[in-house]
Amino acid sequence: MAELSGATLIARSLKQQGVETMFGVVGFPVFGIAFAAQSEGIQYIGMRNEQAASYAAAAVGYLTGRPGACLAVSGPGMIHAMAGLSNAWANCWPMILIGGASDSYQEGMGAFQEAPQVETARLYTKWTARPDAARRIPQYIEQAVRTSIYGRPGASYLDCPDDLISARVDESEVSFPARCPDPPRPQAAPDAVEQAIEVIRNAERPLVIVGKGAAYAHAEDEVRQFIESTQLPFLPSPMGKGVVPDEHPLSVAPGRALALQEADVVVLLGARLNWIMHFGLPPRFDREVKTIQVDIAPEEIGRNVAAEVGLVGDLKAVVGQLNDALAKKPYTLAPNAPWRSTLATKVEENKRAVRAMMDDESVPMGYYRVLREIQDQAPVGTLIQAEGAQTMDISRSVLMHDQPRLRLDAGSFGTMGVGLGQAIAAAIVHPDKKIICVEGDSAFGFSGMEVETACRYRLPIVFVIINNNGIGGGIDAMPEDPFASPPSGYVVDAGYQKMIEGFGGKGYLVRTPGELSSALKQALDDEMPSIVNVLIDPHARGKPQKFAWLTQ
Ligand code: ADP
Ligand code: MG
């Protein structure tokens with residue numbers, strides 16, 4: 001009988017459990033796992049930092065429903081990858097981190113890169129383990145994968161000491177569990193479904209909020225049917241965009257603040273009442289608001305606001321149940337409900353204000369004009385990655401999606417620096433789609449080196465850097481004494497586009513709408529990645545908001 005190494009067992013089990021992509025940085029003791037992954041048919045993407053690799057693995061989880069894997073070396077490498085593990089935890093995305101570790105028989109001796117990795121991972125994972133024997137690796141990997149996707153999705157961590165990776169096991173001692181099936185889609189209690197419909201029926205100012213849980217659950221057909229049959233106004237969360245098309249006549253996204261504030265019944269479809277939704281509390285919500293919450297995680301029901309009705313189950317299944325009940329006893333919000341006209345007036349007013357900024361041709365440009373160019377040129381089905389405080393925020397109101405799972409951003413954790421890793425993940429998952437990675441200059445800086453990765457694998461990502469010389473509002477000019485420069489300032493008119501040229505990509509520096517238009521067109525036609533570095537007005541801002549984003 002042949003012998004198998006621990007590395008091969010890890011790679012073969014991952015492949016058998018439907019893990020198709022691994023992002024990592026090789027080194028001691030994980031070299032063998034990367035090579036084994038390649039020979040077992042897993043696509044291995046070598047990255048430049050474990051942070052970006054771990055962000056990429058989680059994005060694959062969100063986009064495909066099967067965890068992406070991240071491979072990290074012991075100690076510092078594993079700690080870098082905690083960035084992605086925590087991001088996956090905060091977003092409820094499946095991923096699996098494979099962390100190399102120092103030899104188990106050197107535990108406590110001050111081994112090379114020894115660290116309390118199992119303890120470190122535990123807080124941010126649904127499942128963490130260090131296999132007790134190499135022959136049982138397949139059972140561990142099956143558990144890791146299954147746990148990451150069943151119930152509320154999340155991260156798994158497998159700690160792999162050098163002696164486990166290099167162990168050799170006789171094939172006869174090993175058994176491989178069958179591929180764990182896609183997650184079950186539990187239904188909600190039937191009487192809760194009836195109760196939810198009663199609450200909706202009696203609402204005067206109902207509102208549906210579509211979150212990224214709906215996108216993750218592939219519930220777009222059911223959610224669209226629900227919205228259309230009831231004619232309820234809806235708004236998406238940032239990554240819930242496109243589950244129902246953004247330009248659907250029932251979208252009240254441009255009137256978000258008013259819709260949230262005045263709704264008397266809010267139907268939450270895979271969206272949490274966390275900071276993104278202002279906790280569901282005053283002053284952003286009505287004190288008396290009734291919520292109908294659909295979520296796969298029972299413990300989420302009633303967070304911050306006691307739910308009027310909690311529907312625990314899979315979004316696709318539960319919204320299907322709502323649709324079935326509505327088919328038997330139809331309900332439609334009256335076309336002349338005063339709530340509709342209240343919202344419509346606000347939506348029109350806000351659209352006009354944004355439109356004016358989108359059409360502003362002055363130089364230097366502001367965010368809106370730059371983003372409009374992207375909106376105008378992005379082909380149907382383009383996946384957008386957006387990050388950077390204002391870049392991301394404003395992009396939500398300018399970049400429109402008519403399909404789900406085509407937007408990635410800093411997410412529930414507000415993680416700056418996820419952009420390049422996530423864009424690379426998107427390009428791997430969707431080789432047929434255009435990927436535009438819209439970055440603030442600060443956000444870009446966190447993982448800018450990953451443009452080498454994009455060039456190496458010839459992933460034709462278009463990186464658009466909206467460059468305002470710093471964090472938030474940047475600086476106009478560097479002061480005489482550089483140490484007197486504000487903490488938010490970066491090099492003025494930095495030539496980020498030159499970075500990519502060193503790796504075979506194409507760089508553009510643009511200042512005017514005309515230059516932007518032609519650079520973007522060329523970049524979108526290119527087979528190699530590009531950076532379009534757009535120097536905007538360092539004082540450019542978003543539309544003034546009634547409430548600052550982070551206020552309650
Ligand atoms: P958003 O940021 O878009 O508001 P959140 O990440 O806050 O979304 O919330 C997503 C919610 O979706 C989480 O509470 C998660 O438990 C839930 N969820 C994930 N998968 C499913 C599913 N298949 N069915 C129902 N809910 C789900
Ligand atoms: Mg900036």
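We count ligands from 1, going down the list as the structure has it; atoms in each ligand are counted the same way.
Residue-to-ligand polar distances keep Y216 apart from ligand 1: every N/O pair is separated by 3.5 Å or more. Considering backbone and side-chain atoms alike, L315 places an N or O below 3.5 Å from some N or O of ligand 1. An N or O contact shorter than 3.5 Å is missing between C92 and ligand 1 by distance.
Atom numbering of ligand 1 starts at 1 in the shown order; those under 4.0 Å from a heavy atom of G211 are 3 (O). Heavy-atom proximity to S412, at under 4.0 Å, picks out these atoms of ligand 1: 2 (O), 6 (O). Set against the non-hydrogen atoms of R272, the atoms of ligand 1 under 4.0 Å away are 4 (O), 5 (P), 6 (O), 7 (O), 9 (O), 14 (O). Close contacts of ligand 1 with N274, meaning ligand atoms under 4.0 Å from a residue heavy atom, involve 7 (O). Counting the atoms of ligand 1 from 1 in the order shown, those under 4.0 Å from a heavy atom of S237 are 1 (P), 3 (O), 4 (O). Which parts of ligand 1 touch G313 is read off a 4.0 Å heavy-atom cut-off, strictly below it: atoms 24 (N), 25 (C). Numbered from 1 in the order shown, with element, the atoms of ligand 1 that lie under 4.0 Å from a heavy atom of A217 read 22 (C), 23 (N).
In terms of modelled atom types and a separation under 3.5 Å, the side chain of N533 and the main chain of A494 share a donor-acceptor contact. A donor-acceptor pair is defined here as one N or O able to donate and one able to accept, closer than 3.5 Å; no such pair exists between the side chain of E452 and the backbone of M449. At distances below 3.5 Å, at least one donor-acceptor pair connects side-chain atoms of D441 with backbone N or O atoms of G470. Distance alone, capped at 3.5 Å, is enough to place a donor-acceptor pair between the Q321 side chain and the A188 backbone.
Across W89, F413, W93, Y157, a single residue satisfies ring-ring contact (aromatic ring centres under 6.0 Å, His included) together with Y124, and that is W89. Exactly one residue among D537, T391, N468 makes a side chain to side chain donor-acceptor pair (under 3.5 Å) with Y367. That residue is N468.
Residue contacts with ligand 1 for A271 involve both N, CA, C or O and side-chain atoms from C-beta outward (heavy atoms, distance under 4.0 Å).
For D441, the N, O or S atom with the smallest separation from the Mg ion (ligand 2) is OD1.
Ranking the protein heavy atoms by distance from atom 23 (N) of ligand 1 puts D314 OD1, 2.7 Å first. Ranking protein heavy atoms by distance to atom 2 (O) of ligand 1, first place goes to K212 NZ, 2.8 Å. Residue, atom and distance of the protein heavy atom nearest to atom 26 (N) of ligand 1 are I296 N, 3.2 Å. Shortest contact from atom 10 (C) of ligand 1 to any protein heavy atom: G270 O, 3.1 Å. For atom 19 (C) of ligand 1, the nearest non-hydrogen atom of the protein is P153 CD, 3.8 Å. For atom 12 (O) of ligand 1, the closest non-hydrogen atom of the protein is G213 CA, 3.3 Å.
Remark: among candidates D295, N91, V210, V294, the nearest residue to atom 17 (C) of ligand 1 is D295, based on non-hydrogen atoms.
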Exercise. Determine, stepwise, if the pair I374 / V398 fulfils side-chain contact (heavy atoms from CB on, under 4.5 Å).
Key: CA-CA 9 Å; I374 295 173; V398 180; over 6 Å; no

Quiz item: Which is it for E222 and K316 under the salt bridge (charged side-chain N to carboxylate O under 4.0 Å, His left out) test, yes or no, and what are the steps along the way?
Solution: CA-CA 6 Å; E222 289 74 11; K316 193 176 171 70; 3.2 Å; yes

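Backbone or side-chain N, O or S atoms of N467 do not reach the Mg ion (ligand 2) at under 2.8 Å. Contact annotation: G470 places an N, O or S atom under 2.8 Å from the Mg ion (ligand 2).
Within 6.0 Å of atom OH in Y508, more than 12 heavy atoms from other residues, nucleotides or ligands are found, so the atom counts as buried in its surroundings.
Ring geometry for Y62 versus Y216: interplanar angle under 30°, hence parallel rather than tilted (30 to 60°).
Residue contacts with ligand 1: R152 is included, with a non-hydrogen atom under 4.0 Å away. Residue-ligand proximity: A90 is placed with every non-hydrogen atom at 4.0 Å or more from ligand 1.
Using a 4.0 Å cut-off between a side-chain N of Lys or Arg and a carboxylate O of Asp or Glu, R396 and D393 qualify as a salt bridge. Ion pair R511/E515 not flagged as a salt bridge, since none of the NZ, NE, NH1 or NH2 atoms sits closer than 4.0 Å to an Asp/Glu carboxylate oxygen.
At least one side-chain heavy atom of F23 sits less than 4.5 Å from a side-chain heavy atom of V60.
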